[in-house]
Amino acid sequence: MVSLLGCRDERLENTTNALRFTSDEVRFDECFADGALKRVTVGVLNEGRSGLPVTWQVPDEPVRVLDLPEVLPPGETTLTLELVAAVPGRYSRTLAVSSEGLRPVRVGIDAVVRAIPTCRPSSSCGVASFDLSTQRCIETTQPDGTACDAQSACIEAATCQAGRCVGRPRRCDDGNACTVDVCNATLGCEFLPAPPCPGDGKCQQGVCDPRLGCRLAPMADGTTCGTTQTCRAAEVCLEGRCVVRDPPDGYTCAQASPCQDRGVCVNDVCVRPPAAALTPSWALDTMAVDGGAQPPQLHDFVMEPDGAMTLGGFFQTPVVLRANTSTPRPTPLGVSRRCILWGPRLVCADYPASPNGRVTAIDPSTGASLWSFDVRAERPDFLALVSQIFLARLVVQTSDRLAALFEAYPSNATSASTQCRRYFMVTLDAMGRAVNGQRISDPLLDVCNHPHPYGVAADSVGNVFIAFSPTASQQAPLEPDRPTLLMSFTRDGVFRWKVTDSTMPGGELAVARGLLYPENGAVVLLASTGQPAFSLPSALGRIVVSDARFVPAPVEGGARLDGYEAGTSSLRWTHSLPAGVTFWSDQVRLARWAVPDGHRTVALTFVKDASNPMVPVSLRAIHVNDGSEAFSCPLMMVPRTPAQLFELGHQSLGLMEGALDRGGGRACGKCDPPFAGSSAAFRHFRVPGLDVPHEPWIGTFGGPSHDHREEASSPSPGPN
């Protein structure tokens with residue numbers, strides 16, 4: 001008898017065949033779209049004891065599988081998958097295998113192909129490309145003599161020299177001595193009306209001859225001159241000379257002011273109507289919102305030359321364009337960190353706010369974006385060094401140069417609470433294109449105490465000045481500490497000099513006529529080297545600089561204002577307030593006041609009269625040359641705080657007050673950003689006879705509408 005159990009039937013053994021892949025998913029390493037061939041492998045198992053005929057479902061391009069067998073042998077077979085990395089994208093594919101009588105099995109395939117970053121050179125004399133091995137942008141310099149684009153209508157025949165695009169300045173000359181011939185980077189030559197010719201301060205007025213330029217001519221007989229102006233004896237001009245005469249009835253014994261008509265002599269007495277209070281032509285108190293809604297956090301503004309005011313804040317509320325006109329509108333793309341005025345454009349930091357790191361030029365009449373510079377897209381080499389980057393400060397240099405300072409967290413920062421910082425500066429042209437870009441390095445900036453640029457300024461040729469110092473507070477608004485690092489760069493972003501002052505905390509900067517005036521410092525520096533020029537008895541606040549004088553801002557609650565000889569430490573005058581009257585603000589501006597015989601430059605600030613509770617606050621104008629009072633105009637307003645910011649336009653004054661911190665106290669105005677997180681009150685006043693002056697440094701925030709720039713052209717020094 002034969003036992004069937006001892007026999008083996010091979011046909012029965014084959015029925016146990018099964019298929020499976022050794023992995024549920026196959027991933028290609030993330031790569032760049034450089035056209036290279038990438039490979040991975042995956043195993044497929046035939047768990048039977050004999051070869052198995054199979055059918056394959058292959059993946060779509062750009063993935064393919066090499067040498068697929070028609071019969072799978074027993075055990076594991078290694079398959080090779082290829083990817084042609086030519087087109088950026090994420091690719092999800094499937095490879096499937098099946099055999100008759102068996103359930104198909106599948107393996108997922110995943111591949112990510114990144115676009116090769118576009119590298120932009122720091123100037124038109126650079127060639128930048130992305131290095132795949134280091135994954136960084138590499139820049140090389142064009143040979144000297146290579147033609148380049150100077151990105152300015154004011155530069156001709158530009159070529160590369162040592163990596164910089166330099167050329168011949170365009171000559172603008174219309175042959176008229178009564179115009180200022182300038183070149184605008186985008187428009188080319190412009191011939192603007194020249195500033196008024198100075199007189200002799202007595203009876204000779206300045207006139208301009210198109211061929212000969214400024215000359216002197218006699219003033220009209222009867223024009224006032226000198227300081228003696230009573231109705232019994234007045235200094236008047238006769239035949240070009242200043243003489244003393246007994247004036248007749250009707251003689252002007254006091255000049256008209258923006259709020260008070262002129263005084264005339266009547267029977268040897270100067271008769272003048274009382275001053276009328278200036279009433280706001282427009283007002284907005286952001287705390288007085290309807291329905292108990294959260295007040296908008298607006299605490300900054302800029303003023304255009306015609307008096308239009310644009311309100312801003314710090315990431316909480318959209319910028320309101322031309323808020324005091326009949327067509328106010330919020331910016332269409334949301335909030336911004338802060339805005340400045342650059343010619344006819346607003347330039348805003350971190351706008352739109354997400355992601356940070358943008359500089360955007362905005363048309364203030366429509367809100368349209370004219371151009372935008374995104375540091376993330378334009379300078380990927382910066383991003384390789386940091387974990388987060390955003391804008392810190394903007395400073396207008398010239399009509400075709402703007403410096404943008406970017407603040408960043410180091411790449412090794414573990415959280416946003418880090419006090420370590422990195423800084424980069426990019427110089428932009430008038431179309432928002434990068435001229436130069438670099439990291440700003442110094443041992444002081446490597447200390448993890450939140451170093452910050454508390455002051456920025458530019459001189460008349462575009463040299464940039466920056467004041468860095470540590471921060472005493474942990475978060476915004478940031479309070480400056482000691483020491484202060486002062487640095488200077490050219491209009492094209494080339495390093496000039498740096499000095500460190502251990503005695504003063506950081507603050508704003510003013511620069512005029514070759515001198516640098518640091519807020520909180522008692523030493524004025526040479527703008528060319530950073531070395532001391534002269535010292536002052538006490539530390540400066542923010543200042544104004546006319547052609548003849550520089551005037552530090554008054555101390556709020558004080559009663560004295562000083563005027564110094566411009567460029568020296570010589571005290572020329574002191575303006576003392578009467579008893580019971582104090583300065584209501586630590587803000588000061590220069591203004592141009594129209595008078596019958598021409599114009600006078602005055603320093604504007606605010607005073608408070610404790611004896612007049614009905615109209616306690618007045619706008620006071622002080623002759624900048626001799627410190628005498630020009631006029632004082634009461635303001636019809638009930639303020640919450642002293643004046644915190646004011647700007648000038650044509651016969652216009654914009655005022656901000658009422659910015660409070662979240663606890664209801666006074667907001668930090670000398671921090672950065674000033675008054676952040678508060679809701680202020682704004683007013684606009686019509687001020688007849690006042691205008692923006694032709695002076696080097698006219699405002700506490702660095703010039704008209706915070707542009708932090710020394711005025712490039714101003715009249716010759718004269719008695720006006």
Salt bridge or not for [X] and [Y], using N-O below 4.0 Å?
X: Asp363; Y: Arg345; answer: no
X: Arg338; Y: Asp672; answer: yes
X: Arg683; Y: Glu657; answer: yes
X: Glu695; Y: Arg549; answer: no
X: Asp350; Y: Arg376; answer: no

Is any side-chain heavy atom of [X] less than 4.5 Å from a side-chain heavy atom of [Y]?
X: Phe468; Y: Tyr454; answer: no
X: His299; Y: Phe314; answer: yes
X: Val347; Y: Val359; answer: yes
X: His684; Y: Ser652; answer: yes
X: Asp586; Y: Thr605; answer: no
X: Asn356; Y: Leu391; answer: no
X: Ile466; Y: Phe489; answer: yes
X: Tyr564; Y: Val551; answer: no

Check: [X] side chain, [Y] main-chain N or O, donor-acceptor pair, under 3.5 Å:
X: Trp573; Y: Leu561; value: no
X: Glu711; Y: Ser460; value: no
X: Arg620; Y: Leu604; value: no
X: Glu647; Y: Leu655; value: no
X: Glu519; Y: Gly507; value: no
X: Glu710; Y: Arg513; value: yes
X: Glu556; Y: Ser585; value: no
X: Thr418; Y: Cys420; value: yes
X: Thr286; Y: Ala680; value: yes
X: Ser679; Y: Pro296; value: yes

Write down the atom of [X], the atom of [Y], and the distance for their closest heavy-atom approach.
X: Gly654; Y: Phe301; result: O-CZ, 3.4 Å
X: Ser411; Y: Ala384; result: CB-O, 4.5 Å
X: Ser387; Y: Pro410; result: OG-O, 3.2 Å
X: Leu341; Y: Val396; result: O-CG2, 4.1 Å
X: Val511; Y: Ala458; result: CG1-O, 3.3 Å
X: Leu478; Y: Ser473; result: CA-OG, 3.4 Å

Would you kindly say whether the two SG atoms, from Cys125 and from Cys165, are closer than 2.5 Å?
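No; the two sulfurs sit 2.5 Å or more apart.
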
If you round to the nearest 0.5 Å, how far is [atom2] of [Y] from [atom1] of [X]?
X: Gln419; Y: Asn449; atom1: CD; atom2: CG; value: 8.0 Å
X: Glu479; Y: Lys670; atom1: CD; atom2: NZ; value: 12.5 Å
X: His694; Y: Asp547; atom1: NE2; atom2: CG; value: 10.5 Å
X: Ile362; Y: Leu370; atom1: CD1; atom2: CG; value: 8.5 Å
X: Met431; Y: Ser152; atom1: CE; atom2: OG; value: 12.5 Å
X: Leu383; Y: Gln388; atom1: CG; atom2: CD; value: 11.0 Å

Going through the distances and angles, do Leu402 and Ile340 end up as a side-chain contact (heavy atoms from CB on, under 4.5 Å)?
CA-CA 11 Å; Leu402 179 139; Ile340 63 174; 4.2 Å; yes

What do the steps show when you test Leu428 against Glu378 for side-chain contact (heavy atoms from CB on, under 4.5 Å), and what is the final call?
CA-CA 12 Å; Leu428 303 178; Glu378 304 289 342; over 6 Å; no

Strictly under 6.0 Å, is that where the ring centroids of Phe390 and Tyr409 end up?
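Ring centroids of Phe390 and Tyr409 are less than 6.0 Å from each other.
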
With a 6.0 Å cut-off on the ring centroids, do Phe550 and Tyr517 count as close?
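Ring centres of Tyr517 and Phe550 closer than 6.0 Å.
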
Looking at [X], I want to see if its [atom1] is surrounded by more than 12 non-hydrogen atoms of other residues, nucleotides or ligands under 6.0 Å.
X: Lys608; atom1: NZ; value: no
X: Arg421; atom1: CZ; value: yes
X: Arg433; atom1: CZ; value: yes

Regarding Thr398 and Asp400, is there a side-chain donor-to-acceptor distance under 3.5 Å anywhere?
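Yes - a donor-acceptor pair under 3.5 Å links their side chains.
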
With no hydrogens and no angle check, do the side chains of Glu407 and His450 hold a donor and an acceptor under 3.5 Å apart?
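There is such a pair between these side chains.
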
Does Asp492 form a salt bridge (charged side-chain N to carboxylate O under 4.0 Å, His left out) with Arg401? I'd like the steps, not just the answer.
CA-CA 8 Å; Asp492 292 327; Arg401 290 290 186 272; 3.1 Å; yes

Decide salt bridge (charged side-chain N to carboxylate O under 4.0 Å, His left out) for Asp691 and Arg592; before the verdict, give the C-alpha distance in whole Å, the side-chain angles of both, and the deciding distance to 0.1 Å.
CA-CA 5 Å; Asp691 217 329; Arg592 191 171 181 232; 5.4 Å; no

Just one of Ser372, Ser336, Ser369 clears the side-chain hydrogen bond (donor to acceptor under 3.5 Å, both in side chains) bar with Thr360, so which one?
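Testing each of Ser372, Ser336, Ser369 against Thr360, the sole residue satisfying side-chain hydrogen bond (donor to acceptor under 3.5 Å, both in side chains) is Ser372.
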
Can Phe465 and Val395 be said to form a side-chain contact (heavy atoms from CB on, under 4.5 Å), step by step?
CA-CA 9 Å; Phe465 304 86; Val395 54; over 6 Å; no

How far apart are the C-alpha atoms of Ser488 and Asn463, what are their side-chain angles, what is the distance that settles it, and do they pass the side chain to side chain donor-acceptor pair (under 3.5 Å) test?
CA-CA 7 Å; Ser488 180; Asn463 293 318; 5.7 Å; no

side-chain contact (heavy atoms from CB on, under 4.5 Å) between Leu526 and Leu515: does it pass, once the steps are laid out?
CA-CA 5 Å; Leu526 295 172; Leu515 295 175; 4.0 Å; yes

